[in-house]
**Q** 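Supplied in structure tokens, the structure appears directly below.
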Amino acid sequence: MSVDYKSTVYLPKTDFPMKAGLSSKEPELLKHWGKLDLYNRQREQSNGKDKFVLHDGPPYANGNLHIGHALNKILKDVITRCQQMLGKDANYVPGWDCHGLPIEWKIEEKYRKMGADKDAVPPVQFRRECREFAEHWIDVQRDEFKRLGIIGDWDNPYTTMTYEAEAQIVAELGKFLLNGSLYRGAKPVFWSVVEKTALAEAEVEYHDHTSNTIFVSFQIQEATTNDIVKGASIIIWTTTPWTIPGNRGIAYSARDEYVRLRVTALGENSLLRIGEEIIIAKSLIDKVTAECAITEYQILLEFVGGELEGTICSHPFNGQGYEFEVPLLAGDFVDMETGSGFVHIAPGHGFDDWELGIKHGLSVPETVLGDGLFAEHVPLFGGNHVFKADVLVIEKLKEAGCLLAAGKIQHSYPHSWRSKAPLIFRNTPQWFISMEINHLREKALNAIEETAFFPSSGKRRLAGMIETRPDWCVSRQRAWGVPITVFVDKETGEVLRDATVMERIVDAIRKEGADAWFASDPSRFLGDKFRAENYEQVMDILDVWFDSGSTHSFVLENRDDLDWPASLYLEGSDQHRGWFHSSLLESCGTRGRAPFDAVLTHGFVMAEDGQKMSKSLGNITAPQEVVEQNGADILRLWVVGSDYSEDMRIGPEIVKYHTDIYRRLRNTLRYILGNLHGFGDAERLEIAEMPELERWVLHRITELDGMLRQACNNFEFHSLFNELHSFCTVDLSAFYFDIRKDSLYCDRVDAIKRRAVRTILDELFKCLTAWLAPFICFTAEEAWLTRFPGEDESVHLRLFPDIPENWRNNALAEKWQNIRNLRRVVTGALEVERAEKRIGSSLQAHPIVYTSKTYIDEMADLDCAEIVITSDVTMIDDPAPLKAFVLEDIDDVSVVSEIAKGNKCARCYKILPEVGTILGYEMACGRCADAVARYLAPSE
RNA sequence: GGGCCUGUAGCUCAGCUUGGUUAGAGCGCACGCCUGAUAAGCGUGAGGUCGGUAGUUCGAGUCUACCCAGGCCCA
């Protein structure tokens with residue numbers, strides 16, 4: 001009777017499904033981790049170990065996550081998990097940024113919709129609604145982050161709006177106050193005279209607007225460096241005539257060409273005089289002469305702007321209360337497109353003006369009040385409204401003989417988003433942290449030198465900004481934020497610097513939140529020493545960047561489970577100007593060093609064509625959709641497989657690519673699991689007893705382990721990811737597994753070779769599940785639990801396996817590289833046979849390999865047929881016949897493929913002469929007959 | 001306009017530091033095999049003017065300049 005050989009073959013068996021079903025499986029695993037309390041178990045387990053603190057840059061709590069959030073948090077998670085598995089205590093505490101304008105807007109919007117005036121709402125109520133709004137979005141984002149598999153202290157995250165945080169932020173500001181770095185200065189801001197309020201940049205809309213334009217001459221008073229300009233006047237052009245009373249300087253372009261020209265003929269209505277000499281930019285001669293009706297002129301001199309250094313003009317209203325010097329200053333914002341090549345500088349009426357003015361010590365006059373009226377102290381114009389001042393200014397200029405031309409221009413101009421009224425730049429009192437008083441700039445630059453940057457270009461980028469930035473303006477005229485808790489002496493304007501007062505404020509805020517500042521009587525803070533009626537209480541709030549720049553103090557320093565400074569800050573490259581920047585300044589100002597040892601930046605996420613994602617282009621990839629349709633592990637694989645030091649791309653094709661990669665990794669795990677069915681310690685084999693091929697696998701494990709540890713140290717995973725994938729595909733699936741399938745399926749259970757293979761599979765399983773755990777955290781867990789089920793089990797409680805050094809065997813690696821080359825020639829030869837329809841399966845072949853003695857000696861102890869998966873192989877040290885198959889790049893191997901002789905073993909499919917000769921097993925080969933005779937069913 | 005960065009097969013990445021055979025890998029694609037990993041597995045093959053132009057050099061993906069395209073941050 002015929003034997004049912006099929007039932008005696010040891011086929012893979014596992015509950016680990018081929019189809020992942022991640023969208024339903026992942027939530028189950030999240031539940032498992034919740035029950036297990038994985039985060040706290042990790043903490044217990046790594047208690048006392050070296051800490052790795054990745055300090056979370058807080059996202060803003062005002063909407064659902066986008067793909068950039070997903071990239072950022074997954075990257076942080078991968079790094080945290082890797083450090084944890086390297087044996088550190090990698091405790092990740094997520095946080096949220098809660099104060100600021102966008103949330104304030106949402107609440108304002110709500111009131112507007114109800115037809116209520118937001119200004120009528122008591123500040124404390126308004127602030128409470130902002131707080132509730134932030135709380136809502138923290139909950140939403142927390143769930144979305146958790147769904148991505150991010151592990152961290154989600155039950156105790158930090159936020160910038162807890163009372164504790166607000167108190168600490170105030171305490172940090174107090175340090176700048178007490179050491180003299182914080183001062184009151186002035187800065188122009190967008191101002192609406194209709195609403196009598198400052199507007200943030202984001203509240204400004206640009207619309208077309210018709211402005212008056214004027215060309216004005218400024219008489220040269222003295223020229224210190226040379227006399228090429230003496231006796232002439234500088235011509236400026238402006239679209240805001242009303243700013244002339246605020247003029248304190250003139251900017252030129254140091255590298256552009258200027259001319260001195262003499263007017264020789266004039267048009268009818270020209271306001272100039274024949275013989276007048278003026279200085280303008282060379283490239284703008286035509287425009288200026290046309291506008292000013294200069295019909296003929298003579299160029300007297302040409303020179304570069306730089307030569308104007310040191311020139312002093314007088315103000316057009318000199319003699320009428322404007323008796324001050326108007327210096328010429330080089331400004332890189334001066335353009336040669338419009339005007340005269342000179343920009344009049346009114347430090348209270350423009351950002352460029354202000355910055356240039358501060359740099360050169362110009363005064364910043366307060367000319368216009370909040371309601372749009374010129375201050376009484378402004379000569380000629382006091383009490384006039386700014387919107388009506390243009391005409392007046394033009395008239396007075398004409399009287400002074402300084403007006404060369406007046407016109408109109410239609411251009412894009414800032415307007416209020418609420419009232420739609422045109423805005424002005426108005427000088428306002430603001431609070432600043434000095435970059436110089438306590439050497440903050442120098443300290444910050446030194447700190448940058450001490451910091452490791454990934455990629456290294458980040459160092460230059462950040463240093464460049466610190467080198468040139470002006471003092472830090474930390475005040476905002478807003479409601480939703482941490483107050484600038486400062487008192488100013490009404491008489492002297494002196495800032496009150498008193499440690500005890502500051503302590504009282506901090507204590508109150510710690511107990512009652514920042515509202516305490518707005519709701520308390522000032523005497524509560526001032527105590528007996530200072531009288532409340534003598535002091536003005538500042539009602540500005542802090543720049544939110546000061547909040548987030550202080551997180552290192554109220555998170556890293558104040559929490560026992562963390563350490564200061566952080567091991568790593570990791571954010572998008574925009575944070576060079578944002579969080580890295582503000583954290584660095586805050587920490588250098590208060591602690592003299594950076595709050596981080598290293599800074600890692602990642603790029604931005606683009607659509608598949610490399611363009612920015614936008615609703616209008618319809619090329620947005622939402623993380624929630626990928627998670628729902630493909631699974632979080634796919635998104636995580638995308639992060640790990642991409643080079644995030646540059647901009648990355650995502651879209652349907654890229655998601656599909658990573659799904660394919662995922663499938664291969666999953667099937668590799670599945671095959672290992674299937675073939676480890678019933679494996680136990682008794683079956684394990686010592687390395688010394690293993691065949692070479694198994695020892696080669698162990699060597700490959702040492703190589704990958706080395707790459708893994710290097711990748712963790714450099715926070716660079718995409719190369720490792722490629723190596724891991726290629727290991728699973730090329731080394732395992734196409735080579736090792738393919739070869740060992742025969743032994744696994746057909747050898748006796750107690751065969752040495754089969755035991756060796758299963759021991760290797762066990763090692764591979766332990767390594768791959770650990771190595772993949774930080775990347776595809778769900779699937780690695782699923783695989784682990786399939787083999788080691790239990791409510792207390794988790795792959796994430798493991799460390800990366802320690803790989804014994806004696807697994808490394810470079811000589812063996814080199815030898816097997818040669819063997820694989822030989823194998824390539826054989827498979828190539830078989831492919832020809834297949835095309836000619838002489839064989840189908842490779843087991844039908846018996847290749848004759850013509851090769852060198854070196855090869856033959858090298859393979860003397862090996863079963864070549866087994867390695868190339870044929871039924872037999874003959875190796876000959878002879879010259880190859882002409883018809884033999886060769887590969888171009890392998891010169892000492894030629895193959896002639898013959899057909900294997902014998903009958904097919906019904907069990908192992910090999911074609912061998914012995915098949916049919918074994919009594920009782922006429923359909924089987926010797927090995928299989930023996931295996932069947934001693935068949936042991938796989939244990940259940 | 002300025003600072004920092006990027007551009008290599010349809011896709012994800014190597015190679016560039018230190019110039020030197022015919023620019024590599026995986027995925028995808030095409031074709032074939034297997035039917036005992038089966039919505040799997042194996043093999044073979046086709047795909048690249050290395051963003052463009054000039055230059056340095058005996059020789060440039062690699063070095064230099066300019067240009068084009070894209071990104072982040074400023075103006």
Side-chain angles (χ1 to χ4, degrees), chain A residues 5-14 16 18-19 253 331-337 351-352 355 455 457-465 467-469 572-578 581 601-612 637-638 640-643 645-661 663-664 666-675 718-719 721-730 733-735 737-739 741-742 744-746 823-824 826-835 837 839-844 869 888-889 907-909:
Chain A
Y5 288 116
K6 188 172 171 108
S7 67
T8 70
V9 174
Y10 302 102
L11 293 179
K13 189 172 180 209
T14 176
F16 189 76
M18 181 179 291
K19 199 163 168 14
S253 165
D332 51 17
F333 51 84
V334 178
D335 78 89
M336 294 292 146
E337 300 300 311
F351 288 138
D352 286 335
E355 218 171 288
S457 56
K459 178 174 274 187
R460 253 176 301 153
R461 187 166 176 181
L462 187 54
M465 288 174 188
E467 274 161 15
T468 56
R469 67 154 299 146
S573 61
D574 57 333
Q575 297 304 324
H576 285 103
R577 181 152 295 272
H581 193 114
T601 49
H602 57 77
F604 275 66
V605 185
M606 301 296 134
E608 257 169 7
D609 58 359
Q611 305 279 327
K612 216 192 275 205
L637 219 41
W638 164 72
V640 171
S642 309
D643 180 0
S645 68
E646 296 162 18
D647 288 344
M648 320 171 40
R649 300 174 179 202
I650 197 167
E653 190 184 348
I654 293 170
V655 170
K656 183 182 176 296
Y657 168 74
H658 286 95
T659 308
D660 289 334
I661 302 275
R663 214 180 356 249
R664 172 63 82 149
R666 185 175 180 90
N667 273 325
T668 302
L669 291 171
R670 180 165 186 266
Y671 191 70
I672 293 173
L673 279 167
N675 284 294
H718 68 277
S719 308
F721 162 83
N722 279 327
E723 286 291 339
L724 273 176
H725 175 245
S726 155
F727 176 64
C728 289
T729 305
V730 181
S733 191
F735 186 62
F737 292 170
D738 211 25
I739 291 168
K741 215 180 273 189
D742 173 73
L744 284 167
Y745 293 0
C746 301
R823 188 175 190 260
R824 274 176 54 220
V826 174
T827 50
L830 295 186
E831 198 57 27
V832 175
E833 297 304 299
R834 211 168 263 141
K837 304 287 177 200
I839 63 165
S841 161
S842 60
L843 287 173
Q844 290 171 277
I869 318 182
E888 271 181 32
D889 56 331
R907 186 160 176 274
C908 72
Y909 298 168

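Computed from a predicted structure; not experimentally measured.
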**Q** Can you check the A:Leu669 CG to B:rA40 C1' distance for me, whole Å?
**A**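 To the nearest whole Å, that distance equals 15 Å.
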**Q** Can you tell me the pairing partner of B:rU22 across any strand shown, Watson-Crick or G-U wobble, with both distances under 3.5 angstrom?
**A**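 No nucleotide pairs with B:rU22.
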**Q** Mind checking A:His576 for me? I need base, sugar-phosphate or nothing, with any heavy atom below 4.0 Å counting as a touch.
**A**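 No contact.
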**Q** Just N and O in the side chain of A:Arg666: are any of them under 4.0 Å from OP1 or OP2 of B:rA37?
**A**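 A:Arg666 to B:rA37 OP1/OP2: no side-chain N or O under 4.0 Å.
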**Q** Of the nucleotides B:rG32, B:rA37, B:rG28, which one has an atom closest to the side chain of A:Phe737?
**A**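 Taking heavy atoms from C-beta onward, the closest nucleotide is B:rA37.
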**Q** Need the pair for B:rA30. Rule: Watson-Crick or G-U wobble, both distances under 3.5 Å, any strand; none if unpaired.
**A**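 Looking at the geometry, B:rA30 pairs with B:rU44.
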**Q** Sort out for me which residue in A:Asn675, A:Ile672, A:Leu673 forms a side chain to side chain contact (heavy atoms under 4.5 Å, CB included) with A:Pro12.
**A**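 That would be A:Asn675; it is the only one of A:Asn675, A:Ile672, A:Leu673 passing the side chain to side chain contact (heavy atoms under 4.5 Å, CB included) with A:Pro12.
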**Q** Under 4.0 Å between a side-chain N or O of A:Ser733 and OP1 or OP2 of B:rC42?
**A**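 Answer yes for this pair, as a side-chain N or O of A:Ser733 is under 4.0 Å from OP1 or OP2.
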**Q** Nearest heavy atom decides the nucleotide; on that basis, is A:Ala835 or A:Gln575 closer to the 5' end of RNA chain B?
**A**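 Final value for this comparison: A:Ala835.
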**Q** On a whole-Å scale, what distance lies between the P atoms belonging to B:rC29 and B:rG19?
**A**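 41 Å, rounded to whole Å.
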**Q** Taking the chi torsion of B:rG47, is it syn (within 90° of 0) or anti (everything else)?
**A**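 Classified syn.
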**Q** Can you measure from CZ (A:Arg823) to CD1 (A:Ile869) and round to the nearest 0.5 angstrom?
**A**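 Here the rounded value is 5.0 Å.
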**Q** Calculate, to the nearest 0.5 Å, the distance between atoms CD and OG belonging to A:Glu831 and A:Ser842 respectively.
**A**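 Going from the CD atom of A:Glu831 to the OG atom of A:Ser842 covers 10.5 Å.
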**Q** Does A:Lys612 have a side-chain nitrogen or oxygen under 4.0 Å from the phosphate oxygens OP1 or OP2 of B:rG71?
**A**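 Checking A:Lys612 against B:rG71: no side-chain N or O falls below 4.0 Å of OP1 or OP2.
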**Q** To the nearest 0.5 Å, tell me how far A:Arg461 CZ sits from A:Thr601 OG1.
**A**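 A:Arg461 CZ to A:Thr601 OG1: 8.0 Å, rounded to 0.5 Å.
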**Q** Distance check, P atoms only: B:rG51 and B:rC11, in whole angstrom units.
**A**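 It works out to 13 Å between them.
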**Q** Which of the following nucleotides, B:rA39, B:rC72, B:rC74, is nearest to the side chain of A:Lys19?
**A**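 The listed nucleotide nearest to A:Lys19's side chain is B:rA39.
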**Q** Would you mind reading off the distance between A:Ile869 atom CD1 and B:rG43 atom P, rounded to a whole angstrom?
**A**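 So the two atoms are 8 Å apart, to the nearest Å.
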**Q** Could you give the distance from OG (A:Ser645) to NE2 (A:His718), rounded to the nearest 0.5 Å?
**A**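 Those atoms lie 7.0 Å apart.
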**Q** With sugar-phosphate meaning primed atoms plus P, OP1 and OP2, does A:Ala734 contact a base, only sugar-phosphate, or nothing at under 4.0 Å between heavy atoms?
**A**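 A:Ala734: backbone/sugar contact only, no base atoms under 4.0 Å.
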**Q** Rounding to an integer number of angstrom, what distance separates B:rU8 and B:rC16 when you compare their C1' atoms?
**A**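 About 11 Å, rounded to a whole number of Å.
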**Q** Using Watson-Crick or G-U wobble geometry with both distances below 3.5 Å, tell me the partner of B:rC16, or none.
**A**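 Partner of B:rC16: none.
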**Q** Pick base, sugar-phosphate or nothing for A:Arg469, based on heavy-atom distances below 4.0 Å to the nucleic acid.
**A**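 A:Arg469: no heavy atom of the nucleic acid under 4.0 Å.
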**Q** Nearest whole Å is fine: how far is B:rC74 C1' from A:Asp352 CG?
**A**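 Taking CG of A:Asp352 and C1' of B:rC74, I get 11 Å after rounding.
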**Q** Quick one: do A:Asp660 and A:Arg664 make a salt bridge, cutoff under 4.0 Å?
**A**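 The answer is no: the pair does not qualify as a salt bridge.
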**Q** For A:Arg907 and A:Thr8, does a side-chain donor sit closer than 3.5 Å to a side-chain acceptor?
**A**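 Short answer, yes.
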**Q** Using a cut-off of strictly less than 4.0 Å, decide whether A:Lys741 has a side-chain nitrogen or oxygen near OP1 or OP2 of B:rA37.
**A**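 A:Lys741 to B:rA37 OP1/OP2: side-chain N or O found under 4.0 Å.
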**Q** Tabulate protein N/O versus nucleotide N/O from nucleotides 46-51 of chain B, keeping only pairs under 3.5 Å, one per line.
**A**
none

**Q** On RNA chain B, compare the nucleotides closest to A:Phe333 and A:Tyr745; which residue's is nearer the 5' end?
**A**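 With A:Phe333 and A:Tyr745 compared, the 5'-side residue is A:Tyr745.
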**Q** What nucleotide, of B:rG71, B:rU44, B:rC73, holds the atom closest to the side chain of A:Arg577?
**A**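 That would be B:rC73.
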**Q** Between A:Glu653 and A:Lys656, does any side-chain N to carboxylate O distance fall below 4.0 Å?
**A**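 No, A:Glu653 and A:Lys656 are not salt-bridged.
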**Q** Once you apply a heavy-atom cut-off of 4.0 Å, does A:Tyr671 come out as touching a base, just sugar-phosphate, or nothing?
**A**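 Here A:Tyr671 touches the bases of the nucleic acid.
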**Q** Look at all strands and tell whether A:Asn667 reaches a base, only sugar-phosphate, or nothing, counting heavy atoms closer than 4.0 Å.
**A**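 Contact class for A:Asn667: base.
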**Q** What contact category does A:Ser726 fall into here, base, sugar-phosphate, or nothing, at under 4.0 angstrom with non-hydrogen atoms?
**A**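 No contact.
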**Q** Is the shortest distance from a Lys or Arg side-chain nitrogen in A:Asp574 or A:Arg577 to a carboxylate oxygen in the other one below 4.0 Å?
**A**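 Between A:Arg577 and A:Asp574 there is no salt bridge, as every charged N stays at least 4.0 Å from the carboxylate O atoms.
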**Q** So, is A:Arg663 close to the B:rU38 phosphate, meaning a side-chain N or O under 4.0 Å from OP1 or OP2?
**A**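 It does not, given that no N or O in the side chain of A:Arg663 lies less than 4.0 Å from OP1 or OP2 of B:rU38.
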**Q** Heavy atoms only, 4.0 Å cut-off, all strands: where does A:Tyr909 land among base, sugar-phosphate and nothing?
**A**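 Base contact.
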**Q** Indicate, with a heavy-atom threshold strictly under 4.0 Å, whether A:Lys837 touches base, sugar-phosphate, or nothing.
**A**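 Counting heavy atoms under 4.0 Å across all strands, the contact made by A:Lys837 is with sugar-phosphate only.
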**Q** Rounded to the Å, how far apart are A:Lys13 NZ and B:rA40 C1'?
**A**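 It works out to 19 Å between those atoms.
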**Q** CZ of A:Arg460 to NE2 of A:His576: how many Å apart, nearest 0.5 Å?
**A**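 The CZ atom of A:Arg460 sits 11.0 Å away from the NE2 atom of A:His576.
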**Q** Without decimals, in angstroms, what is the distance between A:His725 NE2 and B:rG28 C1'?
**A**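 Answer to the nearest Å: 11 Å.
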**Q** Round to the nearest Å and state the distance from A:Ile839 atom CD1 to B:rG43 atom P.
**A**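 A:Ile839 atom CD1 is separated from B:rG43 atom P by 14 Å.
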**Q** Using purine N1 to pyrimidine N3 plus N6-O4 or O6-N4 for Watson-Crick, or N1-O2 and O6-N3 for G-U wobble, each under 3.5 Å, what pairs with B:rA65?
**A**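 B:rA65 is paired, partner B:rU53.
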**Q** Which residue in the set A:Ile661, A:Asn667, A:Thr668 passes side chain to side chain contact (heavy atoms under 4.5 Å, CB included) when paired with A:Cys728?
**A**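 By the side chain to side chain contact (heavy atoms under 4.5 Å, CB included) criterion, A:Cys728 pairs with just one of A:Ile661, A:Asn667, A:Thr668: A:Thr668.
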**Q** Specify the separation, in whole Å, of atom CG of A:Leu843 and atom C1' of B:rU35.
**A**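 Interatomic distance, CG of A:Leu843 to C1' of B:rU35: 13 Å.
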**Q** In whole Å, what is the span from the CZ atom of A:Arg824 to the P atom of B:rG24?
**A**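 Rounded to the whole Å, the gap is 12 Å.
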**Q** Quick one, give me the B/S/- string for nucleotides 3-16 of chain B, reading 5' to 3', where B means a protein heavy atom under 4.0 Å from the base and S means that only happens at the primed atoms, P, OP1 or OP2.
**A** BSSS---SBBSS--
**Q** Given the P atoms of B:rG24 and B:rC50, what is the spacing between them in whole Å?
**A**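 The same atom, P, in both gives a distance of 14 Å.
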**Q** With A:Phe737, which of A:Tyr671, A:Phe727, A:Tyr745 fulfils ring-ring contact (aromatic ring centres under 6.0 Å, His included)?
**A**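 Of the listed options, the one satisfying the test is A:Tyr671.
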